[in-house]
Amino acid sequence: MEYAKYGKRIVLKLGPGEEVVSSVIEVCEKEKISLASVSGIGAAKRLKAGYFDVKEKTYFVKDYAGNLEIVSLLGSITHKGGKPYAHLHVAFALESGALCGGHLSEAVIGGAGEIFIDCARGSIARVYDETIGLNVMQF
């Protein structure tokens, strides 16, 4: 993993075998970032994405493997328990060209990953909301 800072923007370069979510969190920890937006693209060899079932109050995650093209990675950085909290969603193409997406749990880069972290002043905490079963922003 390599990254560089350009004003309030951090550009993260990931190579084969590096994991996206943990790398974003690691950079945010090093740079003491507690509020940012995240965007990116890349080629993954494995990822886990899913959806949140409101009735069940749980995430259902599916594993994907092969030549996966991340066409859009979007999300936010806030904090929970004093640590960076990454909430990321992904849209990706399968080898067949079919498009899939959802809440990103993990993505291992197969080729290269380009992630942009746009930092903002301030911080927003996450707290667990029992009525919906999610960690929601608390202003």
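Heavy atoms only: backbone and side chains are in, while hydrogens, waters and symmetry mates are out.
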Quick one: does any side-chain atom of Glu95 pair with a main-chain N or O of Asn67 as donor and acceptor, under 3.5 Å? yes

Does Lys45 reach the main-chain N or O of Gly111 with its side chain, forming a donor-acceptor pair under 3.5 Å? no

Out of curiosity, does Leu47 fall in the hydrophobic cluster containing Ile41 (side-chain heavy atoms, cut-off under 4.5 Å, transitive links)? no

Can you measure from CZ (Arg9) to OG (Ser39) and round to the nearest 0.5 angstrom? 7.0 Å

Which value, rounded to the nearest 0.5 Å, describes the distance between Leu73 atom CG and Ile115 atom CD1? 5.0 Å

Chi angles and distances behind the side chain to side chain contact (heavy atoms under 4.5 Å, CB included) call for Asp63, Arg46: CA-CA 7 Å; Asp63 294 327; Arg46 190 175 76 244; over 6 Å; no

As an exercise, state the distance from OG of Ser34 to OH of Tyr85, rounded to the nearest 0.5 Å. 15.0 Å

Cluster question for you: counting only ILVMFWY and a side-chain heavy-atom cut-off of under 4.5 Å, with indirect links fine, are Tyr59 and Val136 together? yes

Would you call the rings of His103 and His89 parallel, tilted or perpendicular, where under 30° means parallel and over 60° means perpendicular? perpendicular

Establish whether Ile70 and Ile25 are linked, either directly or via other cluster members, by ILVMFWY side-chain heavy-atom contacts under 4.5 Å. yes

Hydrophobic cluster membership, with links at side-chain heavy-atom distances under 4.5 Å among I/L/V/M/F/W/Y: are Val127 and Phe52 in one? yes

Worked verdict on Leu74 versus Val38 for side chain to side chain contact (heavy atoms under 4.5 Å, CB included): CA-CA 5 Å; Leu74 295 172; Val38 178; over 6 Å; no

Which heavy atom in Met1 sits nearest to a heavy atom in Leu12, and how many Å separate them? CG-CD1, 3.2 Å

Given the rule that I, L, V, M, F, W and Y join up when any side-chain heavy atoms are under 4.5 Å apart, are Val54 and Phe60 in one cluster? no

With side chain to side chain contact (heavy atoms under 4.5 Å, CB included) as the test, would you mind laying out the steps for Lys62 and Tyr64 before giving the verdict? CA-CA 7 Å; Lys62 185 172 180 182; Tyr64 297 87; 3.4 Å; yes

From Ile10 atom CD1 to Cys28 atom SG, the distance as rounded to the nearest 0.5 Å: 6.5 Å

Glu69 side chain to Phe92 backbone, donor-acceptor under 3.5 Å: no

Which pairs with one or both residues in residues 120-132 pass salt bridge (charged side-chain N to carboxylate O under 4.0 Å, His left out), sequence neighbours excluded? none

Calculate, to the nearest 0.5 Å, the distance between atoms CG and OG1 belonging to Leu35 and Thr78 respectively. 8.0 Å

Would you give the length of the straight line joining atom CD of Glu26 to atom CD of Glu31, rounded to the nearest 0.5 angstrom? 11.0 Å

